[in-house]
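Below: the structure, in structure tokens.
Counting convention: from 1, in listed order, for ligands and their atoms alike.
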Amino acid sequence: MSEDVLLETRGPVGLVTLNRPQALNALNLGMCRAMDPQLRAWADDDRVRAVVIRGAGGRAFCAGGDVRAVAASLSGPATVGSEPLSRAFFRAEYALNHLIHHYPKPFIALVDGVCMGGGLGLSAHGAFRVVTERLMLSMPETAIGLFPDVGGGWFLPRFPGEMGTYLGLTGARCDAADARWLGYATHQIAASRLEDVLAALVDADWQGAAMDVVARVLAGSAADSGVSPLRARVEDIARCFSADRVEDILRALEAERSEWAEQTRATLMRMCPMSLKVTLRQLRMGRGGDYDAMVPVEYRLSQALTARADFREGIRAVLVDKDQKPRWSPASLDAVSEDAVDACFAQNPSDSFAPAAVR
Ligand code: QUE
């Protein structure tokens, strides 16, 4: 049996511990397949009043999906049953995100340390997102030829102004104060107090509405987050990131003639051109839409983008060789046609996605 995720109950609390500390708790298929039925069982178990998810090891909550394994499987015949890993993994991951989004009980993520990509999929959809002073939050997928998935098409457009566009395209990192200001985090609690908070949830008087009980316990330990560095950029970001074409965003950054804008432009120029165009369209599509409608779109995109050479090249440059010098193809934005972007969004009969309802 896999010990990559620990599942236990402590009195009225269902406790999930992501347990791959050597891989910063990156989420693999086995972990998704272990968590999914347990979360469904806890949803139906009257003795379980709330679910807590955390990461082991003290460095990370979750560094993302195990994209290294997905990329490795593409160069061989590795399948799960009859399905390629790229299909099975994203299906299981997005189904789990969907389950958490609609979870009928308080779902509390204790996000201490690194939280990227798939880590937001396990936290942003729950009712309570507790961060610590060690938070390093980011959606870095455009650096590896992917796009900000796990519901990024829903939660990024809901951040203030154009912050989600900025974060999704550049992969910029947020600290705890940023995360509170964005609305990702509901509470900040000192890392040294997380065990006490968990114990307080286990020992709480659970009479009355469970959401109120959790809110009361967390409020009792909450710390002040201080000022958000990102907030100071909100107007610059609104000015530069409101366009609907990536080329126009780059031009707006150029026109700023500031150090920040020049660095931001240089960051975007290193990202995968196809990823940037797909991401901007995804984020604009998600502006007014609901989450459930975005999930099948993201699933389609996951299949289209993992099938491209840019994904394997991004994994090579960022996670395998770590030379940080990906050779993208197409290599420039103007070489990415609208038709090629359209094709990533087009329905493919083998890519349909219908997540199961909770209960
Ligand atoms: C973009 C990503 C990921 C990433 C880096 C990116 C990602 C992911 C990891 C990662 C990091 C450290 C590990 C690990 C995985 O990095 O999804 O196993 O030890 O999981 O630029 O999307």
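Within the structure, the closest approach of Leu146 to ligand 1 does not fall below 4.0 Å when heavy atoms are considered. Note on ligand 1: Gly118 sits outside its first shell, no heavy atom being nearer than 4.0 Å.
In this structure, a donor-acceptor pair under 3.5 Å is present between the side chains of Thr165 and Arg284.
A salt bridge is defined here as a Lys NZ or Arg NE, NH1 or NH2 lying under 4.0 Å from an Asp or Glu carboxylate O, and Glu313 with Arg316 meets this definition. Using a cutoff of 4.0 Å between basic side-chain nitrogens and carboxylate oxygens, Glu256 and Arg265 are not scored as salt-bridged. In this structure, Glu195 pairs ionically with Arg54, as a charged nitrogen and a carboxylate oxygen lie closer than 4.0 Å. Here Arg281 pairs with Asp342 in a salt bridge; the nearest charged N to carboxylate O distance falls below 4.0 Å. Between Arg180 and Glu133 there is no salt bridge, since no side-chain nitrogen of the basic residue lies less than 4.0 Å from a carboxylate oxygen of the acidic one.
Numbered from 1 in the order shown, with element, the atoms of ligand 1 that lie under 4.0 Å from a heavy atom of Ala143 read 21 (O). Near Met116, the atoms of ligand 1 lying under 4.0 angstrom from a non-hydrogen atom of the residue are 4 (C), 16 (O). Contact atoms of ligand 1 toward Glu141: 22 (O) (distance under 4.0 Å to a heavy atom of the residue). Every atom of ligand 1 with a heavy atom of Ala23 under 4.0 Å away is listed here by number and element: 13 (C), 14 (C), 18 (O), 19 (O).
If you take OH on Tyr291 and CE on Met294, they are separated by 10.5 Å, rounding to the nearest 0.5 Å. A distance of 9.5 Å separates CG of Asn97 from OG of Ser123, quoted to the nearest 0.5 Å. Separation of atoms CG (Leu18) and CG (Leu24) is listed at 11.5 Å; rounding is to 0.5 Å.
Nearest to atom 21 (O) of ligand 1 among the protein's heavy atoms is Pro140 O, 3.5 Å. Protein heavy atom at the shortest distance from atom 12 (C) of ligand 1 is Leu24 CD1, 3.8 Å. If you check which protein heavy atom lies closest to atom 5 (C) of ligand 1, you get Val318 CG1, 4.0 Å. The protein heavy atom nearest to atom 20 (O) of ligand 1 is Gly65 O, 2.6 Å. The nearest heavy-atom contact from the protein to atom 2 (C) of ligand 1 is Ile144 CD1, 3.5 Å.
For ligand 1, the polar-atom distance check finds an N/O of Ala63 within less than 3.5 Å of one of the ligand's N/O atoms. When only interatomic distances are considered, the shortest N/O to N/O separation between Ala26 and ligand 1 does not fall below 3.5 Å.
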